> 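The structure follows.
Within every chain, numbering begins at 1; the chains are lettered A, B, ... in the order of the sequence lines, protein sequences first and strands thereafter. What you are looking at is a predicted structure, and each value in this text was computed from that prediction instead of being measured.
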Amino acid sequence: MSATILTTENLNKSFGAVTAAREVSVAVPDGAVWSMIGSNGAGKTTFVNMVTGYIKPDTGRILFNGTDITKMSPRQITRLGIRRSFQIPQLCAELTMLENMLVSLSINRKHKPSYKRSARRPSQVDEAMDTLKRFRIENYHDRLMSELPAGVRKLLDIAMAISGTPRVMLLDEPTSGVAAEEKFPLMDLVMEALSKSNVTVMFVEHDMDIITRYSERVLAFYDGEIIANDAPDQVLSDKIVQQYITGTTK
Amino acid sequence: ETFKVGIVTFLSGGAAESFGIPAWNGGELLINLLNQGGVLPPPYDQPGFGGMMIEAIPVDESGGATKQVQEFRNLVQRENVDAVLGYVSSGDCLAIPPVADELKAFTILYDCGTPRVFEEGSYEYVFRTAAHAAMDNISLARYMESRGIEANTIAGINQDYAWGQDSWADFVASMSVLVPDAEVETALFPKIFAGQYGTEISALIRVNADVVHSSLWGGDLQAFVLQAGPRGLFERSQVALAAGDHVMPQLGNKMPDGVIIGARGMNGLAARANASPLTNLLWEAYEEEYGVFPVQAPFRMWQGILGLKVAVETAMAANGGNKPTAEELAAAMTGQEWEAPSGLIQMVLGNGHQAIQPNAIGTTKWDDATGQMTLVDIEYYSATCVNPPAGVKAIDWIHDGFPGAVCD
Amino acid sequence: MILSIEDIEVSIQSTPILHDLSLNIEEGEIVGLVGRNGAGKTTTMRTIMGLTKPTSGKVKVNGIDITRFESYQRAALGLGYMPEDRRLVPELTVEENMLLPCWANSELVPAAGLKFIYDLMPELFAMRERKAMLLSGGQQKMVALGRALMAGTKLLLLDEPFEGVAPALAQRITEVIVTLKDEKRSALIAQSELTHSVSLLDREYTIERGEIISNTTPGN
Amino acid sequence: MTEFIFPRSIPLACALALAVLVVVGLILPDWAMFLATMAFSKGMVALGVVCLMRSGLVSFGQGLYYCIGAYASGLMATWIGISDIFLMSLLGIIASGIVAVIFGPLLATYRGIFFAMLTLSLSMILYGTLSKMSVLGGTDGLNVSAPTFLGYHPEGRALGLSLYMFTCAVIVVYGGLVRTLFDSERGLISLAIRDNELRVEYLGTSVRTEIAVTYIVAAIAGGIGGVISGAAIGHVDPEYAYWTTSGEFVFVAILSGYFSIPAVFLGSVVLEIVRSFSNLYFPNTWQMSLGIFLLIVILLFPKGLGSLLSRSKKPEKKQ
Amino acid sequence: MELLAYILVDGLIYGAWLFIVSLGLTLVFGILNILNMAHGSLYAIGAYAAASAVGAYFALGGEAFPFGSYAAMVIGAIFVALILGPLLEYGLLRHFYGRDHVILVLVTYGVFLILEDAMKLIWGVTPLFVSEPYSLLGNVEFGPLYYVTYDFLVIAVAILVGLGVWFVLNRTKRGKVVLAVIHDREMSKTMGVNVDRVFLISFTLGVFLAALGGALTAPMISVSPSIGVNVIILAFAVVIIGGLGSIEGAAIGALFVGIARAASVHLLPEAELFVIYLVMAIVLVFRPEGLFQKTQARKI
Ligand SMILES: Nc1ncnc2c1ncn2[C@@H]1O[C@H](COP(=O)(O)OP(=O)(O)OP(=O)(O)O)[C@@H](O)[C@H]1O
Ligand SMILES: Nc1ncnc2c1ncn2[C@@H]1O[C@H](COP(=O)(O)OP(=O)(O)OP(=O)(O)O)[C@@H](O)[C@H]1O
Ligand SMILES: [Mg+2]
Ligand SMILES: [Mg+2]
């Protein structure tokens, strides 16, 4: 097994009376594809938020490649190569889809964004359109975000997140709101794009088919705690997991 | 033929009610009288300006100096006026003269007070037909001294801009010469158009000075009087208002008795008490037309327009009856003197570009019989008594103890 | 017939979105509206609620033509809407959010409504005092559902109610929606996938590019 | 994003614009030339407001830089006797730039109305300070002598014309630079900040830096605008920093919209003309005329006058 | 000690006045999300209406019962609210909802310009005086302090109005419905809320509060066209210091400004001009969204 790229040590986080993380410790190997499941409000998004610096844990440490990133800002963490998508798509509502993509590309180059180079130079526009095409949303390229159907927004959110060169990719419910027929193709697409450069992936999902199909290992969250951390089959046959998360009949 | 004058004064904003509108009313009135011809006593009996009908173009002065420079250019370059007469705000009076000279446009500043215009600059085409503001506070201080008013401690409430700051500085300086024992207790500078003076009045009551000096004007002064009255400030301290006459028609008996009042010249009630035929004409015509008696602003407008008339007619006498050019007007105006409802106006300062005029200070007394406010204990000061001589800066003159002052 | 839509055309900024769309829901019927992303499910729901206005066609509730009604008047007819993006009032607590329809409409009985909802989703009872703005995505979804249940005494319009909801809870919700039938409540459920709801639907419309392309009974 | 209607290349567009402006200048009557000079110099300040508006920030205190520019050049003229417009402009840029470098990073943490009010406070504090400084003329301000142009001392119409030409050159050059900036990667990022800062941060760039830089760009435009206005009017006073002055720049910015740069200058000219004529023809109700004009423009041109000049067919923002 | 008492009482009086003036502004901002630049004009119109009403009251023989002039003042303010509230909200603002924030600010700026001249057309430039109500209640003396009782009436009104509005918004169902509207107009509609009516009533209430502020001030000042201009910037500052849309905030903000200003007038008169901006800047440095900032809703 390869070296761990992301380690969390005993993360605790509470919001008033609510405990959103309780002694959360994981060690994710480089290049792994892990998934996270859990009942609503179990702390999955909070985990992603802590790793990406949006929320600071009350106690505990987060290490990326050996560097302590616990106190870093989302921007610094992003620059280190940890990227994420959002459960609720975070887009620029008054820009078109293409412009959203161009923003992402402009920032994610090796060089810093320029004050001179046109954001709409043909090469960059082509690249953006290519990405949109891969996600099959290019038809919407000149539409404002506020007019897009929910599912399409989700796709764009992911597309923006995976542009650039991530080392670790955290996807928060990538397929929720995406039409049934699109779910697997979407995951295929994302996984393919990421596996090329051996990116470590962690994704939150409520759809167990996707969990079993794409992840090597599942973290099951319940009430801020990781109650199971194992291969999908093992976790999904766990009684407690079945009772609280997946439902009995599945 | 007509003579076009751009008349710039406040038609809106805080200074409209107290200065701009009364001045414009007075101006319109006078222009009508002049255009009729023969109404005014000689030497003002020729119709219009030397026979030319006067056409006035009113312009609102509000909006700041920047806007006024623009409007001035429009008047001169677009409307082709023959002269511009205007400006109450001293900021405008400072900003306009360089432009007037650049455009070679004959310009009369009729109201503003700052001495800086001709003390710091000299202009060819620009004249001011009213005395600058140093006179007002020198006169006040002289009044304190000559009437023996107890002034061991003084306090001031003046607006926080050049007018208020200068007025207070002039007053304090004059007092230190004339009443050397006077001590300053506090100097308050509320924002212009603040309207609420509760806190300031508390502060004035707290320091309990013998004399409270104020150059507040307009709505601010009215509000101050209304708020200070019930709180007994006027009983505790002798209040002296450098330019307070213009609020009397509105305040009526809400203006307490015994307040010392100046009118920035021998204007309003003080002029009426010392009436010339010209004063009476203005007084009666104005009262008839507008239902209130004229305060300082129409007086100053009249002295400006009459001065312009004198200049036009002098120039025409010199050039053989043609409409005078700006240069001819300027030549005629320089060092000119003429009678106005406010007394004799003499262009003696600033190389003959800046007027001096007599001043008067009085004390309020409500006359129950007529239901009118009157001024009593009026002291008249000749122009040379309260204005510096040519070539001397006002503030230096005060600090030096008024050398060369000639008082009757 | 609780709801009938007759040949509506909807355009947004002169782009046609829905064409000639008709659908009916009988009293006590649970109907699905299924289609891919961008097919027009949300737009249909919004049109029923009066948030977008059709250029032609009619919307009727209980036989009353409500095409020209304001949204709040429609709500008064017993329509309960759960938008796909939840849209709770962040400053109000969970319970207050669910009570909001009662405050606006005095005919609703708050106590009974709350009891029904809390029995259905005990999770909501546990967090009833928390401010809505701090809940997780799925939790907000539950509250929005609760709120729709409160308002929708006749007809529920649920836009993607299972999206982002953990399977165990989704199952329970499904079961409860079925019991709504006993109270003669109807529901229109928009979904881009069918996994959770096959068992509960009486009928299912499929929508594609703004047009209804099929009206089937699952299993057929 | 939109380009100019005509040429796509920015230098070409600038050259064309300059040529048109120069030709127009030669035939303008004096008063109109002065009006245009003033409108353009104020347009510069409004352009700064537009820059910030693209990131969703409304500066109600751009008068700060307008005033700093004007005083910097005015004082240099009175104290050192330098009246060269190029030197004065340089000084205006330096002075406003320095102040903006100090305040920009601080202000960059504020958004919305708080940003607006803080910028307003800053300019009002300058206003208050200047009002109290009798060395600088207090509220009455001070006069600025007529500008010279690299040793050339024009008078009369030549003076007005020279200043007009200088102004045109400045706005065209600055306009071109700003257009380049708007079209650039950073320019697009600025727009994105308006919509969703969180996303921009999560893409890995600093929203604060971006805003601070925009703020400085805007401040410099304000400074130059102040220098030219001061030189054109020949007088500077604290009123330059008063909130109503700043309000006017916001007014022009919104009137013009933020898609087209020429529109900003056009908007400024339109406002000057409307104001000047309503002041003359309705001396008693010019404010009302201005208000009605404003409401009509907002109703008829939801995206500002710029929508006339730009190709953008972006629909209105939904609530 | 005496000085301190002066500062506190002066600050309280000024703060109470400021609070009444700012309350309507913060309310309209909180609910309709409009920063109403015309608020100052509405204040001025309220003052005019009250002055006219009081004048008419005395002209119609009110001398017999002078206290009736207080009712006349309030009726004047109500009159203004009932006319201008619907006229502005229904006739104008409604057409701009959903447009950018600053556009609405600009619209109200246009209204401000129009109202300023409209006042001149209606009431002329000659100021109105109705100082009777000011001195009617006599004076109060605590030791060396000597005040007009009316000033304390203003404090009482401020407390009453503030509590009243706060109570309605925070403790009644109607108020909570308003909270829902504030956050999400569209959603509130679908939950059965008549949003248009909420807006109309709220805006009219805002107009009433502005007019009431003017009406209460009318007896102390000479009512003339320009009195509204300065009020607006003061009210803005108070509302910002307090945190936009917060009633408690406006109260504390007004008190802050009132006391800071009183302290400066008594101790350091030169600083008066800066005080309000200074207070604002200091508050914002420590609380970037005002004293009573709203907690941000979770975005992710
Ligand atoms: N405000 C708008 N302006 C322009 N077009 C819009 C607007 N709102 C929706 N549309 C368009 O209407 C179509 C239908 O959108 P709708 O949101 O109804 O789809 P949906 O079926 O709900 O999709 P999803 O499953 O992704 O939520 C889409 O093509 C969308 O782009
Ligand atoms: N900023 C916050 N303030 C207060 N409580 C919070 C905050 N963020 C999260 N919580 C609480 O922490 C718990 C975990 O939330 P989190 O968003 O991590 O859940 P989740 O597992 O992502 O759920 P879902 O599947 O519904 O998205 C929830 O009870 C939530 O209400
Ligand atoms: Mg989550
Ligand atoms: Mg949808």
> For E/R94, I'd like to know if atom CZ has over 12 heavy atoms of other residues, nucleotides or ligands within 6.0 Å.
yes
> If you tally heavy-atom pairs under 4.5 Å against chain E, which of C/S136, C/C102, C/A132 wins?
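Most heavy-atom pairs within the cutoff with chain E belong to C/S136.
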> Counting heavy atoms not belonging to E/Y90, are there more than 12 under 6.0 Å from its OH?
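No, not enclosed.
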> Heavy-atom pairs under 4.5 Å with chain C: which of E/V177, E/T190, E/V181 has the most?
E/T190
> Do C/L100 and E/K176 come close enough that some side-chain heavy atom pair is under 4.5 Å?
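No; the side chains remain at least 4.5 Å from each other.
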> Counting heavy atoms not belonging to C/E27, are there more than 12 under 6.0 Å from its CD?
no
> Within the 4.5 Å heavy-atom criterion, are C/M49 and E/M187 side-chain neighbours or not?
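Side chain of C/M49 against side chain of E/M187, heavy atoms only: no contact under 4.5 Å found.
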> For a quick test of reading the model, state the closest non-hydrogen atom pair linking C/L88 to E/H183 and the distance between them.
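Scanning both residues, the minimum pair turns out to be O-CD2, 3.2 Å.
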> Looking only at non-hydrogen atoms, find the nearest pair between E/L179 and C/V89 and report the distance.
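What the structure gives for the nearest pair is O-CG1, 4.0 Å.
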> So, taking the atom named NZ in E/K189 and the one named OH in C/Y81, what distance separates them when rounded to the nearest 0.5 Å?
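E/K189 atom NZ to C/Y81 atom OH measures 13.0 Å (nearest 0.5 Å).
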> Counting C-beta onward and ignoring hydrogens, is there a side-chain heavy-atom pair between E/E186 and C/R87 closer than 4.5 Å?
yes
> Given the options C/E70, C/Q140, C/R147, which has more heavy-atom pairs under 4.5 Å with chain E than any of the others?
C/R147
> Would one find more than 12 heavy atoms of other residues, nucleotides or ligands at under 6.0 Å from atom CD of C/E107?
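Open: at most 12 neighbouring heavy atoms sit under 6.0 Å from CD of C/E107.
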> If you count heavy atoms of other groups shown closer than 6.0 angstrom to CZ of E/F208, is the number above 12?
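Correct, the count exceeds 12.
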> Which pair of non-hydrogen atoms, one from E/M191 and one from C/A75, has the smallest distance, and what is that distance?
C-CB, 3.8 Å
> Which heavy atom in C/A104 sits nearest to a heavy atom in E/V193, and how many Å separate them?
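Here C/A104 and E/V193 meet closest at CB-CG2, 3.7 Å.
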> Please report the interatomic distance NZ(E/K173) to OG(C/S106), rounded to the nearest 0.5 Å.
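Interatomic distance, E/K173 NZ to C/S106 OG, rounded to 0.5 Å: 9.5 Å.
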> Does a sphere of radius 6.0 Å around NZ in C/K53 hold more than 12 heavy atoms from other residues, nucleotides or ligands, not counting ones at 6.0 Å or beyond?
yes
> Between C/G50, C/G152, C/S71, which shows the greatest number of heavy-atom pairs under 4.5 Å with chain E?
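Heavy-atom pair counts peak at C/S71.
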> Side chain, backbone, both or neither: which part of C/L135 has an atom under 4.5 Å from a heavy atom of chain E?
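Just its backbone gets close to chain E.
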> Are there over 12 heavy-atom neighbours, none belonging to E/F79, within less than 6.0 Å of that residue's CZ?
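It does not: E/F79 CZ has 12 such atoms or fewer within range.
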> Where does E/D184 contact chain C at under 4.5 Å (heavy atoms): side chain, backbone, both or neither?
side chain
